[in-house]
Engineer: 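Sharing a structure with you now.
Numbers restart at 1 for each chain; the letters A, B, ... are given by sequence-line order, proteins then strands.
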Amino acid sequence: MTIERYNPRAVEPRWQTAWDEAGLYETKTDAPGEKYYVLEMFPYPSGRIHMGHVRNYTMGDVVARYKRAQGFNVIHPMGWDAFGMPAENAAMQNKVHPAKWTYENIASMRTQLKSMGLSLDWSREFATCDVEYYHRQQMLFLDFLDAGLAYRKKSKVNWDPVDMTVLANEQVEDGRGWRSGALVEQRELTQWFFKITDFAEDLLQALDHLPNWPEKVRLMQKNWIGKSEGLMVRWSLAEGGKPEGIDELTVFTTRPDTLFGASFLAVAADHPLALKLAESDPKLAEFAAECRRSGTSAEALETAEKKGYQTGVEAVHPFDPNWKLPVYVANFVLMDYGTGAIFGCPAHDQRDLDFARKYVLPVKPVVLPPKEDPTVFSIYSEAYDGDGVLFNSGFLDGKTPDEGFEAVASRLENADLAGKPIAERRINFRLRDWGISRQRYWGCPIPVIHCEACGVVPEKRENLPVELPEDIDFEKPGNPLDRHPTWRKTSCPQCGAEALRETDTMDTFVDSSWYFARFTAPRAENPTVPDTANQWLPVDQYIGGIEHAILHLLYSRFFVRAMKTTGHLDLGEPFKGLFTQGMVVHETYKDGREWVPPADVNIFEENGKRVATRISTGAEIAIGGIEKMSKSKKNVVDPEDIIGRFGADTARWFVLSDSPPDRDVIWTEAGAEGAFRFVQRLWRLVSEAAPHVAGTGAVSDPEAQPGLDIRKAAHRAAHGVQTDIERLGFNKAVARIHELVNALAGPLSEIGKADANTKAAAAAALDMLVRLIAPMMPHLAQECWTLLGHEDFVSAQSWPAVDAGLLRDDSVTLPLQINGKKRGDLTVLAEASKAEIEQAALAAEVVRQALNGGEPKRLVVVPGRIVNVVV
RNA sequence: GCGGGCGUGAUGGAAUGGUAGACAUACGGGACUUAAAAUCCCGAGGCGAAAGCCGUGCGGGUUCGAGUCCCGCCGCCCGUACCA
């Protein structure tokens with residue numbers, strides 16, 4: 001009998017249609033089974049899916065299908081993170097309307113995603129740029145405003161003085177605007193903020209109750225929130241040099257114990273003191289202007305060379321009226337953190353030390369490290385930030401830094417400066433309120449109105465949605481809403497007078513901060529149906545990239561708190577389980593200066609070295625590094641091509657198999673072909689065996705071979721795959737399935753000649769195998785399932801039950817070590833006691849030789865693990 | 001700069017502090033074939049004839065035992081609040 005090759009191009013669309021028609025993956029809130037919410041981070045509709053999407057959505061799909069087989073009522077929705085800058089850039093470059101560009105991209109990406117055979121509930125799909133979605137987001141905004149969670153304040157933006165527009169941080173390159181090339185300036189605008197800092201303490205504390213989040217993400221968020229306990233210390237400014245009206249300077253410090261090591265004070269360029277001084281000091285004004293030209297990103301600010309400007313103002317040390325310290329304006333002091341002013345202790349802070357060396361300021365150590373001699377200990381090029389004993393510090397001498405903190409705090413709390421205590425204890429957070437204003441068109445309009453008489457007035461709820469106008473132009477840079485001829489003009493909801501609409505739109509992070517909640521009732525009149533949201537949420541397993549470890553996840557955590565405050569749901573945390581998957585990377589190829597796409601490259605081995613040639617020209621080209629797939633380096637593999645050539649199951653299998661899911665996976669042609677061969681191998685195995693195992697009954701003799709081995713292999717694989725999927729160890733689950741197929745290949749090749757008992761065992765094993773691969777390769781599994789004589793859907797089958805008795809062995813082989821090095825094996829009964837193992841070990845030939853008649857120094861026995869004899 | 005992570009054969013990787021290299025890819029040998037592809041079987045960390053020695057980015061340490069834990073480096077990746 002000849003077996004045809006498995007043809008995914010015919011099989012996959014056929015089953016996808018059948019699943020669709022059966023409504024197999026549409027979720028009913030009242031269906032039986034415990035709820036389980038699987039969600040992958042929804043994509044930005046860039047136009048085409050990439051391998052990163054394939055990997056992300058395959059992982060989620062495996063979990064969804066596995067949980068369904070376990071009897072859960074699974075919800076697995078999909079949508080589009082559809083607002084954002086790329087649509088506006090496309091509008092400027094290609095004169096296409098952002099909406100048209102976005103919805104066309106969504107249409108083609110939807111088709112691509114559907115070809116992957118994902119078990120998604122498409123009936124819940126929406127895009128964040130749908131009016132129906134951002135309408136509800138505006139409702140949330142108004143509720144947040146009422147609850148005091150939204151407010152306006154001044155804040156800085158990157159301003160391009162040539163294009164007269166606000167730039168995103170990524171649009172600033174080396175301090176210049178990416179289009180105009182003009183030096184960027186910082187500008188202050190009044191903008192909208194969400195009060196995430198109201199929840200700072202809770203956002204921090206609750207991290208301890210997210211056991212199913214990666215430790216690294218919790219740590220990153222903890223550090224981002226940055227709670228610190230410190231002291232606000234007021235320094236009086238010395239007479240002469242201090243500007244009129246400013247008599248003191250308040251700094252925040254977490255190290256008051258090092259006060260005696262202070263050698264300077266520094267303030268931010270935008271600190272009130274700096275602004276005041278700059279009025280009469282042109283050089284300072286120029287220095288401050290220079291500080292403002294670096295753009296607003298923390299990275300740019302902090303990697304810039306540390307510079308300061310000595311103002312001539314002096315501050316008086318709180319413990320010594322005769323000790324005066326110079327006050328600098330410094331580019332590394334941030335106005336957003338603490339009070340925008342610091343005192344520098346060079347001996348115990350590296351940045352302060354670098355600053356002190358540059359401006360030749362004193363470096364006096366005040367913390368003595370253990371085992372150091374106070375008479376000779378000095379600081380050279382490295383600051384000491386460890387523990388020790390305070391010295392050179394007057395009344396603090398001999399105390400630990402912690403005791404010093406307390407001593408300084410209690411003394412200064414009770415000391416007086418101009419009728420108020422000099423210092424005050426303060427808990428400070430690094431976390432800042434979330435600025436949501438964007439001066440752009442393609443985003444959710446902020447539904448407020450500016451009235452000359454009434455000020456800032458929320459739009460009436462019955463007037464929502466505030467819709468984006470469609471007739472806009474992108475001829476000029478800047479916000480099209482601002483220059484629209486009529487859109488802004490409206491009447492004040494309060495007094496009815498002529499008024500203007502807010503033209504800022506919301507940060508797209510707002511859109512993605514509650515979409516998971518909207519999925520639970522995607523067509524509801526209100527943002528959520530609270531009962532339904534509470535029933536489905538939290539998301540049990542959320543899967544996405546590590547790049548979202550802080551902002552997106554923290555903003556979503558804020559949103560459920562704010563939505564709870566405003567009555568939209570009742571939930572502690574949005575995501576119960578979180579998994580961060582790695583990227584898909586690919587080798588790069590270069591023909592001279594030109595990057596060459598992998599599709600135009602032929603790789604072969606010559607004299608043990610890999611050689612690449614360009615298919616179109618035949619020329620040998622250079623093999624470059626393995627990098628994140630990017631258009632600029634052309635090292636992109638298009639999932640559509642892969643699915644067209646090999647089918648979705650091959651693509652899915654490959655992205656699951658080759659790397660641990662939290663690490664990067666390297667896409668290789670050979671790996672993809674290998675996955676395709678495995679698909680064919682599985683198909684052949686099942687289709688050759690199917691006629692022989694059809695209609696076999698139950699296993700009659702459970703102990704007979706080879707039936708027992710076949711059953712053991714199947715049950716062990718099922719157990720392993722189950723454990724691995726539970727832990728999202730997909731690559732290991734794949735290895736377990738390889739092992740099972742390897743184990744079945746021998747017996748199945750002779751199944752035609754086998755007895756009924758063996759056939760029955762083989763039939764059961766094949767049945768199990770197909771169920772095990774179903775979450776990962778659903779189309780192939782379905783086709784095999786049908787071959788094995790079933791008429792229903794394998795996706796509707798339950799997960800195979802594992803017989804624990806088949807997982808055990810009668811005897812185990814332990815490695816036998818002598819002095820920690822393996823010298824032999826020891827086979828003992830599985831239930832052997834420690835003493836029995838010890839006896840067996842001492843009786844072993846290698847051990848007797850090593851002991852040479854003597855006694856072992858030590859005998860380590862870990863049952864089921866190892867025996868180590870120390871001689 | 002700061003915060004977080006990662007580093008194991010030719011390659012991707014496996015390994016509750018307990019046999020380093022499961023499983024796969026590439027490669028080599030064999031079977032089948034007129035031939036090739038596909039398929040099946042076998043081999044394989046390095047050095048060595050073997051016994052054995054060496055081996056998880058580098059340098060130290062803890063332990064009966066370290067890829068795993070601790071300290072110090074190096075390299076790469078992610079984030080750094082207006083990319084999503």
Engineer: Distances for protein N/O vs nucleotides 44-48 of chain B N/O pairs under 3.5 angstrom?
Structural biologist:
none

Engineer: By the definition ring pair (Phe, Tyr, Trp, His ring centres under 6.0 Å), identify the one residue from A:Trp514, A:Trp434, A:Phe194, A:Trp224 that meets it with A:Tyr555.
Structural biologist: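 Output: one option passes, namely A:Trp434.
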
Engineer: Over how many whole Å does the gap from A:Asp662 atom CG to B:rG7 atom P extend?
Structural biologist: 10 Å

Engineer: Looking for any heavy atom pair under 4.0 Å, which part of the strands does A:Trp224 touch: base, sugar-phosphate only, or nothing?
Structural biologist: base

Engineer: Can a donor-acceptor pair be found, under 3.5 Å and without considering hydrogens, that links the side chain of A:Asn105 to the backbone of A:Pro45?
Structural biologist: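 Yes; judged by distance alone, with no hydrogens or angles, the pair exists.
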
Engineer: Write down the distance separating the C1' atoms in B:rU19 and B:rA14, rounded off to the nearest Å.
Structural biologist: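 The answer is 13 Å between these two C1' atoms.
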
Engineer: With a cut-off of less than 4.0 Å, is there a side-chain N or O of A:Thr668 near OP1 or OP2 of B:rU25?
Structural biologist: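 Result: no.
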
Engineer: Consider the side chain of A:Val860, meaning its heavy atoms from C-beta on, and name the nucleotide among B:rG79, B:rA81, B:rC64 that approaches it most closely.
Structural biologist: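 For A:Val860, the side-chain atoms sit closest to B:rC64.
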
Engineer: Can you find a pair of side-chain heavy atoms, one from A:Gln191 and one from A:Arg152, that are under 4.5 Å apart?
Structural biologist: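 No - every pair of side-chain heavy atoms lies 4.5 Å or more apart.
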
Engineer: Name the closest nucleotide to the A:Tyr555 side chain, picking from B:rA84, B:rA22, B:rA81.
Structural biologist: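 That would be B:rA81.
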
Engineer: Using atom P of each nucleotide, how far apart are B:rA66 and B:rC53 to the nearest Å?
Structural biologist: 15 Å

Engineer: Measure up the A:Phe646 and A:Phe676 rings against each other and bin them: parallel (under 30°), tilted (30 to 60°), perpendicular (over 60°).
Structural biologist: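 A:Phe646 vs A:Phe676 ring planes: tilted.
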
Engineer: Base, sugar-phosphate, or nothing: which does A:Val870 touch, judged by heavy atoms less than 4.0 Å apart?
Structural biologist: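 Here A:Val870 touches the backbone only, sparing every base.
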
Engineer: Take atom CZ of A:Phe194 and atom P of B:rA81, then tell me their distance rounded to the nearest Å.
Structural biologist: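 Going from A:Phe194 (CZ) to B:rA81 (P), I get 19 Å.
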
Engineer: How far, in whole Å, is B:rA20 from B:rA81 if one measures between their C1' atoms?
Structural biologist: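 Nearest-Å result for B:rA81 against B:rA20 at atom C1': 44 Å.
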
Engineer: Would you tell me if any nitrogen or oxygen in the side chain of A:Lys732 comes within less than 4.0 Å of OP1 or OP2 on B:rA15?
Structural biologist: yes

Engineer: Applying a 4.0 Å non-hydrogen cut-off, can you work out what A:Val217 is touching in the nucleic acid: base, sugar-phosphate, or nothing?
Structural biologist: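 Touches nothing.
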
Engineer: What's the verdict on side chain to side chain contact (heavy atoms under 4.5 Å, CB included) for A:Leu353 and A:Asp349, showing C-alpha distance, side-chain angles and the deciding distance?
Structural biologist: CA-CA 6 Å; A:Leu353 180 62; A:Asp349 182 284; over 6 Å; no

Engineer: Using a heavy-atom cut-off of 4.0 Å across all strands, would you classify A:Asn742 as base, sugar-phosphate, or nothing?
Structural biologist: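 Sugar-phosphate contact only - A:Asn742 comes under 4.0 Å of backbone atoms but never of a base.
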
Engineer: Is there a donor and acceptor pair, one atom on the side chain of A:Gln439 and one on the base of B:rC82, closer than 3.5 Å?
Structural biologist: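 Yes.
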
Engineer: Provide the distance between the two P atoms, one in B:rC6 and one in B:rA10, to the nearest whole Å.
Structural biologist: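 Each nucleotide's P atom is 24 Å from the other's.
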
Engineer: Which distance, rounded to the nearest 0.5 Å, do you find between the NZ of A:Lys153 and the OG of A:Ser437?
Structural biologist: 11.5 Å

Engineer: For the pair made of CG in A:Asn819 and P in B:rG65, what is the distance, rounded to whole Å?
Structural biologist: 9 Å

Engineer: Rounded to the nearest angstrom, tell me the gap between atom CZ in A:Phe646 and atom C1' in B:rU25.
Structural biologist: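 Going from A:Phe646 (CZ) to B:rU25 (C1'), I get 14 Å.
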
Engineer: Could you tell me how far B:rG57 sits from B:rA50 if I compare only their P atoms? Round to whole Å.
Structural biologist: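 Their P atoms lie roughly 28 Å apart.
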
Engineer: Taking the same atom, C1', in B:rU56 and in B:rC78, what whole-Å distance lies between them?
Structural biologist: 24 Å

Engineer: Flag the pair A:Glu170 / A:Met85 as yes when at least one side-chain heavy-atom distance between them is below 4.5 Å, and no otherwise.
Structural biologist: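 Counting from C-beta outward, A:Glu170 and A:Met85 do come under 4.5 Å.
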
Engineer: Let me have a per-nucleotide readout for nucleotides 52-59 of chain B, 5' to 3', with B, S or -, counting only protein heavy atoms under 4.0 Å.
Structural biologist: -SS-----

Engineer: By a strict heavy-atom criterion of less than 4.0 Å, which residues belonging to residues 299-307 of chain A are in contact with RNA chain B?
Structural biologist: A:Glu299, A:Glu302, A:Thr303

Engineer: Would you mind classifying the nucleic acid contact of A:Gln191 as base, sugar-phosphate or nothing, using non-hydrogen atoms under 4.0 angstrom?
Structural biologist: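 Base contact.
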
Engineer: Quick check on B:rA84: is either OP1 or OP2 less than 4.0 Å from any side-chain nitrogen or oxygen of A:Thr508?
Structural biologist: yes

Engineer: Any side-chain N or O of A:Arg858 under 4.0 Å from OP1/OP2 of B:rC64?
Structural biologist: yes

Engineer: Parallel, tilted or perpendicular for A:Tyr542 and A:Tyr515, by the 30°/60° rule?
Structural biologist: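 If you compare the ring of A:Tyr542 with that of A:Tyr515, the planes turn out tilted.
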
Engineer: I'd like to check the side chain to side chain donor-acceptor pair (under 3.5 Å) partners of A:Trp653; sequence neighbours left out, ordered by chain and number.
Structural biologist: none

Engineer: Are OP1 or OP2 of B:rA24 and a side-chain N or O of A:Asn731 less than 4.0 angstrom apart?
Structural biologist: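 Result: no.
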
Engineer: Give a yes or no on whether the backbone of A:Phe730 and the side-chain of A:Asp724 come within a donor-acceptor separation of less than 3.5 Å.
Structural biologist: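 It does not hold such a pair.
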
Engineer: Only counting residues at least two apart or in another chain, list the ones meeting side chain to side chain donor-acceptor pair (under 3.5 Å) with A:His548.
Structural biologist: none

Engineer: Closer than 3.5 angstrom, by distance alone: can the side chain of A:Asn428 be matched with the main-chain N or O of A:Ser228 as a donor-acceptor pair?
Structural biologist: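 No, the answer is negative, given that no donor and acceptor are paired below the 3.5 Å cut-off.
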
Engineer: Please check if atom CD in A:Gln93 has more than 12 non-hydrogen atoms from other residues, nucleotides or ligands closer than 6.0 Å.
Structural biologist: yes

Engineer: Between B:rU33 and B:rG21, how far is it from one C1' atom to the other, in whole Å?
Structural biologist: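 It comes out at 36 Å once rounded to the nearest Å.
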
Engineer: Identify which nucleotide among B:rC82, B:rC78, B:rG5 has an atom closest to any side-chain atom of A:Lys216, counting heavy atoms from C-beta outward.
Structural biologist: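 The answer is B:rG5.
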
Engineer: Determine the contact category for A:Val734: base if any of its heavy atoms lies under 4.0 Å from a base atom, sugar-phosphate if only primed atoms, P, OP1 or OP2 are that close, otherwise nothing.
Structural biologist: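 No contact at all - A:Val734 keeps every heavy atom at 4.0 Å or more from the nucleic acid.
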
Engineer: Is it true that, when you exclude A:Asp174 itself, more than 12 heavy atoms of the residues, nucleotides or ligands shown sit nearer than 6.0 Å to its CG?
Structural biologist: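 For A:Asp174, atom CG is not crowded (no more than 12 foreign heavy atoms under 6.0 Å).
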
Engineer: For the pair made of CD in A:Glu838 and P in B:rC64, what is the distance, rounded to whole Å?
Structural biologist: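 The answer, rounded to whole Å, is 17 Å.
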
Engineer: Looking at A:Lys216, I'd like to know if its NZ atom is crowded, meaning that more than 12 non-hydrogen atoms belonging to other residues, nucleotides or ligands lie closer than 6.0 Å.
Structural biologist: yes

Engineer: If each of A:Glu673 and A:Gln817 is mapped to the nucleotide of RNA chain B with the nearest heavy atom, which maps nearer the 5' terminus, i.e. the 5' end?
Structural biologist: A:Gln817

Engineer: Take nucleotides 36-41 of chain B nucleotide by nucleotide from the 5' end and write B, S or -, depending on whether a protein heavy atom sits under 4.0 Å from the base, only from the sugar-phosphate, or from neither.
Structural biologist: ---SS-

Engineer: Considering only B:rC78, B:rA22, B:rC82, which nucleotide approaches the side chain of A:Glu739 most closely?
Structural biologist: B:rA22

Engineer: Give a yes/no answer on whether the side chain of A:Arg663 brings an N or O atom under 4.0 Å of OP1 or OP2 in B:rC6.
Structural biologist: no

Engineer: As an exercise, state the distance from CZ of A:Arg684 to OH of A:Tyr6, rounded to the nearest 0.5 Å.
Structural biologist: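 Going from CZ on A:Arg684 over to OH on A:Tyr6, the span is 14.0 Å.
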
Engineer: For the P atoms, the ones on B:rG45 and on B:rU62, what distance do you get once it is rounded to whole angstrom?
Structural biologist: 33 Å

Engineer: Under 3.5 Å, is there any donor-acceptor pair linking the side chain of A:Asn868 to the base of B:rC64?
Structural biologist: yes

Engineer: Heavy-atom count around A:Met92 CE within 6.0 Å, excluding the residue itself: above 12?
Structural biologist: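 Yes, enclosed.
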
Engineer: Nearest nucleotide by nearest heavy atom, which residue falls closer to the 5' end of RNA chain B, A:Leu431 or A:Lys822?
Structural biologist: A:Lys822

Engineer: Determine the contact category for A:Gly226: base if any of its heavy atoms lies under 4.0 Å from a base atom, sugar-phosphate if only primed atoms, P, OP1 or OP2 are that close, otherwise nothing.
Structural biologist: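 The residue A:Gly226 makes no contact with any strand.
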
